[in-house]
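Inspection log for the structure reproduced underneath, given as C-alpha cells.
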Amino acid sequence: MATLKLYKFTVCAIYNKNIIYETELSNRNTFILTGGFFNYNFALHRPTIFITMTKLLEWLLGVSLIGVAWGLVTFDLLDLQLPPQYRELAWPMPVYLLVVFGCYSLATVGYRVATFNDCEDAAKELQAQIKEAKEDLKKKGLKIVSAAPVHVG
Amino acid sequence: RPFINTPQATGADQAVGFGLVGFSLLLFTYYTIWVIVLPFVDSDHVIHSYFLPREYSVILPGVAALILLLCVGTFIGVITWKNRKPKKVD
C-alpha cells in the first residue's frame, strides 16, 4: 500500500505590504501551485505561498468581477429571472461604457484645445531662434533639408 | 470683461475645440437615451421612431472602431512606406 506523505503549508495574501489573509492547507485537499510565488517561510518553518496584490492584479480582479457579473446578467446563467428591461439594459453595457469613455476623452481634448492660450511672444522667439540656428549651421557647412514647413497659426 | 489683455486661443482653435465638446455632448446624450432610457419606455411611444433597433447600438460603435483602427493603421503604413530607406548593397 502506497503511503501518502502529508505536507502542510501556509498561503498568505498580501495587500499594501500587510498580510491580510493567511490559511493553512495540506496536500490532502489542495493542488500545490509552484513557481514564482512559492517560498519557504523560515519564521513559520513551513513552505509558504505568497500572493502579492499589485495594482495590475487589483485592476484585473476588479475588471473580471465586473465581467462575471455582466455575463451572469446577460446570459442569465443563474436563472435570476430579472425583468426584461434590465436584461435589455445590461447587454450593451461594455460597448456603452467604451463609448462614454470615448466621448469624455473627446470632450476633454476639445475643451483643452479651445482654452489653450496662444503665446505670441514665445512663438516669435522660437521662430527667431530657429532662423538663427539654421544660419549658424549653414555657416558650419551642414545642409539643411526641411521636411515640413514651420507654420505658426 | 476680465479677458481683454490675457492671451486667448485664436478663433480656429476655439471653434474646433468647442465643436468637439458639443459633438461629444450630443453623441453622449443620444447614445445614453438609446441604451439606458429606451428600455423603460413603452414600445408604442413615438420616441422609438427616432432610434434604430437596439442591435445597432452595439454594431455601429463596433463598425466605427474598426474604421478608426483601419485609418490609424493606414496612416502608419503610409508614413512607414514614405520613410523607408533603400538597403545598402555591399
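Numbers restart at 1 for each chain; the letters A, B, ... are given by sequence-line order, proteins then strands.
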Separation between CE of A/M93 and CD1 of B/I36, rounded to the nearest 0.5 Å: 4.5 Å

Note, B/W34 side chain near A/Y96 side chain (heavy atom, < 4.5 Å): no

CZ/B/F40: more than 12 non-hydrogen atoms of other groups inside 6.0 Å: yes

A/D136 CG: over 12 foreign heavy atoms closer than 6.0 Å: yes

Do [X] and [Y] sit in one hydrophobic cluster, given that two such residues count as connected whenever their side-chain heavy atoms are within less than 4.5 Å of each other, even indirectly?
X      : Y      : result
A/Y111 : A/V109 : no
A/L97  : A/Y104 : no
A/F75  : A/V95  : yes
A/L77  : A/V68  : yes
A/L98  : A/V100 : no

Toward chain A: residues of residues 15-33 of chain B with heavy atoms under 4.5 Å: B/G17, B/F18, B/L20, B/V21, B/F23, B/S24, B/L27, B/F28, B/Y31, B/T32

Contacts with chain A made by residues 41-62 of chain B (heavy-atom distance under 4.5 Å), listed by residue number: B/R54, B/E55, B/S57, B/V58, B/P61

Closest heavy-atom pair and its distance - A/E88, B/P39: CB-CB, 4.2 Å

